[in-house]
Each structure stands twice: as C-alpha cells, then as structure tokens.
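Here the structure comes first, spelled out in structure tokens, and everything after it is commentary.
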Amino acid sequence: MSATTVGYDDCVELPFGSAAYWKAFAKSIPVGVWIAIVLVTLFVIAAVAPGVLESQSPAAQDLTSSLGAPSLSHLFGTDQLGRDEFSRVVAGTGQSVIIGLVATGIAVVAAIALGLAAGLGGRWADAIVSRLLEVLFSFPILLLALLILTIFGASLSTEIAAVAIGTAPGYARMLRGQLVAVRDAGYVEAARAVGHPYGRIVSQHIFPNAIRPLVSLYTLGIGQSVIWASGLSFLGVGPPPNSPDWGTLLYAGRDYVSAAWWLEVAPGFVIVVLAVSVTVIGRHLQDRLEGRVRVSAG
Amino acid sequence: MAAPAPRRRGVRATRWLLIRVASGVGVLWAAATIAFLLQTLTQQSRARLIYDQRVGNNSIPSKGVTAAINHQYGFDNSVLHQYVSYIGGLVHGNFGVSYFQHVSVWSLIIQQIGPTLILTFSALILAWVIAVGLTLLGAGRHNIWSSAIANFLQMLSASVPSYWVGTILLVIFAVNLHIFPVLGGNPLLALVLPMITMALPVSGFLGQVIQDEFSSALEQPFVTSSRSRGITDFGVRTVHVLRHSVLPGLTLSGWAVGYLFSNAVLVEQVFDRAGIGGVLTKAASEGDVPLATGVVLLSAAAYVIANIVVDILYVFVDPRLRA
C-alpha cells in the first residue's frame, strides 16, 4: 500500500452518536451543501413563520410607491398596488413548498406501487406496467398536466394531482430498473441459495436496497414539482388568482414585464434558489447513500 | 457465421421497421384510450359545461335541453359505442369538435402547429450545436471554461424554469437593448430568443451524455491506433470519437421532443408567440376537453414519430446494428 493514499482499512469507524462522530459528520459535508442547507432552512422558516422574514405586511398597499424598482427598503421592489414584493414572496412560500412536497409524495408513492408490480410481480405484470409507462411517456409532462386541468377544472388540488401524474412515470421507471438490478444481485441469489423464504428476501434484502435511492429522488423531485406547478400557474390555469403562492405572483407579474421586470424575475429567482438548493442536497444524499462519502476520522 | 446475403438483409430491415411502426401505432392507440377514459370521467357535467357556455350564465338547463345536448354530442350512447366511434374518428383524422369554437379540433390545431414545430426543431438543432461544440472543445482536455459552461448548462436544465430564462432574455435583449422585437416584428428575428430559451436546458442534458461517452471513447484502442497513423487530434475527435458519442445523444433527442413541447407551451406565452401553447392554455381555462385532448394526442404522435426516426438514425450512425 502506498503511503499517500488512505485505504479502507486506515479509516477509523467512529461510534455513532459520539461528539467525535458528529464533528467528522459535519466535516464530511461540502461547503456548497452547507449553503444549500442554510437556504432550505430559510425556506422552512418562511413557510412556518413568514412573519419573521417579512419586512412589512404582504397586503399593505402604498399607491404612492407603486411599481417601484428593487431597493434597500423593498428588496424585490413593489407591485402595481405598492405592496412589498419580497413580503409577498415570503408569504407565498408555505403553499408553494406544500405543493412541491405533496405532489412529489403522491408521485413517489404511485411510482413505488408501479415499480413493485413491474419489478417483482412476474413477467406479465412487468410487461403490462412497462407498456403503460411507455404510453405515459409519450405524453409531454406539462401537456398531460394541462389535459388533466382541462378535464377536472383548475384548482389547487387538481394542480397537485396533475403534477404528480405528470412526473410519476419517470420515477416508476427508475424504481423498476433499481428493483430488477437488486433482484438479480449476488446477495439476493445467495439468500435464495441459503433457503430464505421469498417474502423475507423481499422485505429484508430487495426492498430496502431498492428504496434507498428514493430518499434522494424525493429530494430532487421537490424542485421539479415546484417548477412544473409554477409553470401551470404561470399559464393561469392553476389555483385561483388570489391564492398565495409563487405561481400566482408570476401570473400577476406577466402584465408588467416591460414596466416592472422584478415582479416576474423575483418569484422566479426564489423558485430557482429552492430548486438548486434541493438539487444540491439531493445529489449529496445520493453520493452518501451510494457510499461515496464516508464519515471517518482523519 | 457467414454474413447474410444483401437481399435477406433488406427484408429483415423492412420487417424491423414495420414492427417498430406497429408498436408506435400501439402506443398511440393506448394513449387515445387513456385520453378517452379521462374524458368519460366528466360525463355528467359535460352537457352542463356546454350549456353554460351557450347561454353565458349559470342557469340550470331544463331536462329537454340537456337531453338535446347529450344527443348532439353522442353522450347518450353507451361508453363502448362512444369509444368505438371516437377511435374510429381518430383513424380518419377526426379529433372531434371544439365545445366552444364549434369548429373541428383538427382545423384549430393545424392553423397553429406550424410555429410550434419550427420553434421546437430549431431549438433541438441549436441544442445539438451547443452540446457538440462544447464537447469537441472541452471533453478529455482540461479546459476550465468549457467545463464551467457545461456545468452551468446542466444546472440550468435541472433547476431553472424555462419561462424564467425566457423572461430574463426578453427583458435584457428586447425590452432594454432593443436588439430583438418585444412583439411581432421580423419572424426570423422573433424566433431567436425563444429558440435560445428552449435550447439551453436541452443542451445541458445532451452535453452531459455526449461528453461522458466522448471521454470514455477517447480511451479506446481505436483512438490510439488512429493517432499512430498520423491523424490530427481534430480529425480523431470529429471523425472517430464523435461518431461514438452521438449515439446516447440521439436516444435522448427522442425524449427531448416531449420535453421541448412542454417548454414550448410556456415559452410561447412568455414571448406571446402563436402556436399550440395558446390553443392548449385557452382550452384548459375554458374546459374545452376535445381541443385539449387533440393537442395532447398530436404531441404524443410527434413524440412517437420522433422516436422511430431516432431508431432509424441510430442504425445509420452505428454500422454494427446493420448486420
């Protein structure tokens, strides 16, 4: 073994929960991920206690300073009624984040059901689910979501369902691939050879290993759901116009792109910051779960 | 094993193509079935919806009026009867009649699909140009700039909404710098910003797969042997390595057609362009089910056709598949 590389054996496993463990754990997280964690924490605060971040009431009008450009007193400028855009964006965080969390949750649960049926349900179930996924893939995500909104009418719950249905096939296909790979892996074959019952092999070996990537998938998916949902609202076919979320701010800002670009750019900027943050955290989780990041002394 | 005779090979290729087209038709049939089933979920309220639009208020229609509307649109037939006539109509290019504009869905879409197709395919071509350009410049070399641009594009494709990129380009280059028209103007000039908006995220996806394949192809023995025969670095990259690395990019392009259609709807609204985006958005806000279904089914057809074309191109690029 060369002196410059640190091999597997050189790493000292630290006892879980000890102070040294947490110190090493914090050190194993890159700076970029720390920044993302701080930003996500800010989003959580904005969602749970918007009053802490709002510089003034999001409903307070001041017609003397309508359509004001961003300044120190109004970070994101003011809208046509002189309301502080920053406070309105903060006030919209809760509902926007909930749309992302719920839509991704529904999509992932549907994907687990479809993926399990395809990956473990035998040849016929696999053929049927795989064909169904192929058909669903032929519908562009946003167009399928718009069709669902057309049929069931625009509302917050339809928007969430539309985003979930649009994104679920992608997750299902990923999960199916994962289940098939795990099902055919050496350790599953070994467990079978030793004579473990099939049910126990599924619950103890296949399921935990196939489900693990879903943690990072869910995190990555939140950003996508927020982006697609805000796109639907941007088109004016999502929740009603008085609904407090980023998408409706975007829709309202469309009339003022020439006169007050910040009304369109600011809510979009916040969506981008959220999406980038969860993407960075999701990728890091992926690295961790696949064993590319280790907590060790040294 | 001896190579098959040329005639046999031709027969086999034709059969492969027929099977591929048949499976595409199967996908579209299933897609139409799903769309039909979704429509029947609103069975009860459809007559009411049409009535409300006709009289322009929310009065309750009499039984006779409801029955007349149900009869006119065939809602009083059995679901199976409706299904058979719906699929039969689709086969003959009949997508039904718009609830609100009272003309055939097909004619409404045909009027508007041209600009969307132009936007989509010009964006796909531009995305390829960017992705291949960056790959030829950057992959396998330690070029900080091209890899920084590639990383930036990948981030853009994963976490930046297209309507936002479009708005920013519009504000900078049209509203403030007056380089491009805000509304209307020269159609070619008006295409530039929306095309760039749509191409950037796709070039991120494409660039990633092409570069990965490019870097691993650079390690292959055939590269060393080409170099030893005295071919220039540029020659090796463009003639030999690039051919390998475009294959995953081709596969992704089939998928990208669906992604581009989704973004076209948004980008058309940002730049106030004609196209199916406006048709679909209007249909969605009015509840015009036949019109929305028609747009979605036609885009599914475009996706299926694009993927068949990709499979054919694949065989052209990769001679190993021709045997």
Side-chain angles (χ1 to χ4, degrees), chain A residues 131-132 134-154 162 165-166 170 220 223-224 226-228 230-232 234-238 247 250-251 253-254 257-265 267-269 271-280 282-283, chain B residues 23 26-31 33-35 38-39 41-42 45 155 158-165 167-168 170-172 174-176 182 255 257-266 269-270 276-277 280-281 283-289 291-293 295-297 299-304 307:
Chain A
R131 280 298 97 80
L132 177 70
E134 199 181 319
V135 173
L136 289 176
F137 267 114
S138 73
F139 295 123
I141 293 180
L142 194 77
L143 274 66
L144 180 59
L146 280 167
L147 178 61
I148 288 164
L149 282 164
T150 310
I151 291 174
F152 298 101
I165 294 171
L220 293 169
Q224 295 304 306
V226 170
I227 286 175
W228 287 122
S230 66
L232 290 171
F234 172 81
L235 294 173
V237 292
L250 285 166
Y251 182 63
R254 275 175 63 181
V257 169
S258 304
W261 52 265
W262 47 91
L263 294 180
E264 197 67 4
V265 172
F269 172 73
I271 291 170
V272 171
V273 172
L274 176 68
V276 171
S277 306
V278 292
T279 305
V280 166
R283 293 224 173 117
Chain B
S23 95
V27 166
L28 286 179
W29 166 71
T33 306
I34 290 175
L38 279 174
Q39 287 183 45
L41 293 174
T42 51
S45 52
M155 206 53 173
S159 29
V160 183
S162 61
Y163 58 78
W164 195 63
V165 177
T167 304
I168 288 176
L170 182 75
V171 168
I172 296 177
V175 176
N176 285 317
V182 177
W255 169 84
V257 168
Y259 180 80
L260 282 165
F261 270 124
S262 285
N263 279 324
V265 171
L266 293 165
Q269 296 298 300
V270 171
I276 56 158
L280 187 55
T281 309
S285 52
E286 288 175 336
D288 198 338
V289 178
L291 185 53
T293 312
V295 173
V296 172
L297 281 183
S299 59
Y303 175 90
V304 167
N307 278 282

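Everything numeric here is computed off the predicted structure, so don't read it as measured data. Residue numbers begin at 1 in each chain, while the letters A, B, ... track the order of the sequences.
Of the atoms belonging to B:I34, it is side-chain heavy atoms, and not backbone ones, that fall under 4.5 Å from chain A. Of the atoms belonging to A:T279, it is side-chain heavy atoms, and not backbone ones, that fall under 4.5 Å from chain B. When heavy atoms are compared at a cutoff of 4.5 Å, B:L38 approaches chain A by way of both its backbone and its side chain. For A:L220, no part lies near chain B; criterion is any non-hydrogen pair under 4.5 Å. With a threshold of 4.5 angstrom between heavy atoms, A:L274 does not approach chain B through any atom at all. With a 4.5 angstrom heavy-atom cutoff, A:V280 touches chain B only via side-chain atoms. For B:L28, no part sits under 4.5 Å from any heavy atom of chain A, backbone or side chain.
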Given A:L146 and B:V296, is the side chain to side chain contact (heavy atoms under 4.5 Å, CB included) satisfied, shown in steps? CA-CA 9 Å; A:L146 280 167; B:V296 172; 6.0 Å; no
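Options B:S159, B:G258, B:G26 differ in how many heavy-atom pairs under 4.5 Å they form with chain A, and the most are formed by B:S159. Per-residue counts of heavy-atom pairs under 4.5 Å with chain B were compared for A:V278, A:L232, A:L250; the largest is that of A:L250. Of the listed residues B:V257, B:V304, B:N307, B:V171, the one with more heavy-atom pairs under 4.5 angstrom with chain A than any other is B:V171. Ranked by heavy-atom pairs shorter than 4.5 Å toward chain A, the options B:A31, B:G287, B:A283 are led by B:A31.
Across every non-hydrogen atom of B:P161 and A:I227, the tightest pair is CB-CG2, 3.9 Å. For B:Q39 against A:I151, the heavy-atom pair with the smallest separation is N-CD1, 4.1 Å.
Residue pairs meeting the side chain to side chain donor-acceptor pair (under 3.5 Å) criterion with at least one member in residues 134-148 of chain A, sequence neighbours excluded, are A:R131-A:E134.
By the 6.0 Å contact criterion, CZ on A:F137 is enclosed, its count of non-hydrogen atoms from other residues, nucleotides or ligands being greater than 12. Surrounding CZ of A:F269 are at most 12 heavy atoms belonging to other residues, nucleotides or ligands under 6.0 Å away. The environment of CZ in A:R254 is crowded: more than 12 heavy-atom neighbours from other residues, nucleotides or ligands sit within 6.0 Å.
Taken from CG in A:L142 to OG1 in B:T281, the straight-line distance is 8.5 Å, to the nearest 0.5 Å.
Contact check for B:W164 versus A:I271: no side-chain heavy atoms found under the 4.5 Å cut-off. Looking at B:S262 and A:L143, their side chains come closer than 4.5 Å, going by heavy atoms from C-beta outward. Looking only at side-chain heavy atoms (C-beta outward), B:Y163 and A:L235 stay at 4.5 Å or farther from each other. Side-chain contact between B:V270 and A:V257: absent, with no pair of heavy atoms (C-beta onward) separated by less than 4.5 Å.
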